[in-house]
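By convention here, the first residue in the shown sequence is residue 1. Worth saying up front: this structure is predicted, and the values here are computed from it rather than measured.
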Amino acid sequence: MDLRQLRTLVAIAAAGTLSDAAVDLGVSQPAVTRTLAQLESELGVRLVHRLPRQAVPTTAGTRVIASARRILAEVENLRA
């Protein structure tokens with residue numbers, strides 16, 4: 001697990017779609033899909049339900065997103 005994966009997951013949650021998250025992150029949509037799949041594989045759980053024109057966090061995804069936001073905030077605090 002790395003910060004890029006956590007940033008991607010948080011971006012998906014904020015944007016609501018993988019393609020919008022890709023735009024927000026400045027990467028391609030397939031890159032977002034791969035990054036999410038890698039994180040899900042590492043954690044052994046599905047984090048996002050992929051629906052037509054929507055990405056909805058699972059129950060586990062909601063918990064991981066909350067933790068990811070805290071971790072990313074702590075990283076920003078360290079940089080400051």
Side-chain angles (χ1 to χ4, degrees):
M1 180 182 323
D2 61 38
L3 294 177
R4 176 185 52 86
Q5 291 171 324
L6 297 180
R7 284 187 187 101
T8 298
L9 180 61
V10 169
I12 293 167
T17 68
L18 274 64
S19 57
D20 288 344
V23 170
D24 293 346
L25 293 167
V27 299
S28 69
Q29 187 271 327
V32 169
T33 300
R34 277 191 307 274
T35 301
L36 176 60
Q38 290 167 349
L39 182 58
E40 288 176 329
S41 177
E42 284 183 39
L43 295 176
V45 65
R46 180 165 301 274
L47 299 171
V48 176
H49 293 293
R50 294 154 182 86
L51 306 171
R53 299 185 185 99
Q54 192 175 16
V56 179
T58 63
T59 301
T62 300
R63 287 190 217 121
V64 174
I65 290 163
S67 294
R69 286 183 172 136
R70 284 191 300 273
I71 291 165
L72 294 170
E74 286 296 322
V75 169
E76 288 305 312
N77 286 339
L78 286 172
R79 289 183 177 158

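Under the 4.5 Å side-chain criterion, counting only non-hydrogen atoms from C-beta, Val32 is in contact with Leu25. Side-chain atoms of Leu72 and Glu76, non-hydrogen and from C-beta on, never get closer than 4.5 Å to each other.
For the atom pair Glu40 CD and Gln5 CD, the distance stands at 10.5 Å (nearest 0.5 Å). Residue Asp2 holds its CG atom at 9.0 Å from CZ of Arg7, rounded to the nearest 0.5 Å.
Nearest heavy atoms, Thr17 versus Arg53: CG2-O, 3.4 Å. Among all heavy-atom pairs drawn from Ala14 and Arg69, the shortest one is N-NH2, 4.5 Å. Here the shortest heavy-atom pairing between Ala21 and Ala15 reads N-CB, 3.6 Å. Pro57 approaches His49 most closely through the heavy-atom pair O-CD2, 4.4 Å.
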Starting from the C-alpha separation in whole Å, work towards a yes-or-no answer on side chain to side chain contact (heavy atoms under 4.5 Å, CB included) for Thr35 and Leu9. CA-CA 9 Å; Thr35 301; Leu9 180 61; over 6 Å; no

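One hydrophobic cluster holds both Leu39 and Val45 under the rule that ILVMFWY side chains link at heavy-atom gaps under 4.5 Å. Grouping the Ile, Leu, Val, Met, Phe, Trp and Tyr side chains by contacts below 4.5 angstrom, directly or via other members, places Val10 apart from Val56. Tracing side-chain contacts under 4.5 Å through hydrophobic residues (I, L, V, M, F, W, Y), one reaches Val75 starting from Ile65; they form part of the same cluster.
Side chain of Ser41 to backbone of Ala37: no donor-acceptor contact under 3.5 angstrom is found. For Thr58 (side chain) and Leu47 (main-chain N/O), a donor-acceptor pair under 3.5 Å exists by modelled atom type. Using modelled atom types, one side-chain atom of Glu42 and one backbone atom of Met1 make a donor-acceptor pair closer than 3.5 Å.
Each of Thr8, Leu18, Ile12 was scored for a side-chain contact (heavy atoms from CB on, under 4.5 Å) with Thr33, with one residue passing: Leu18.
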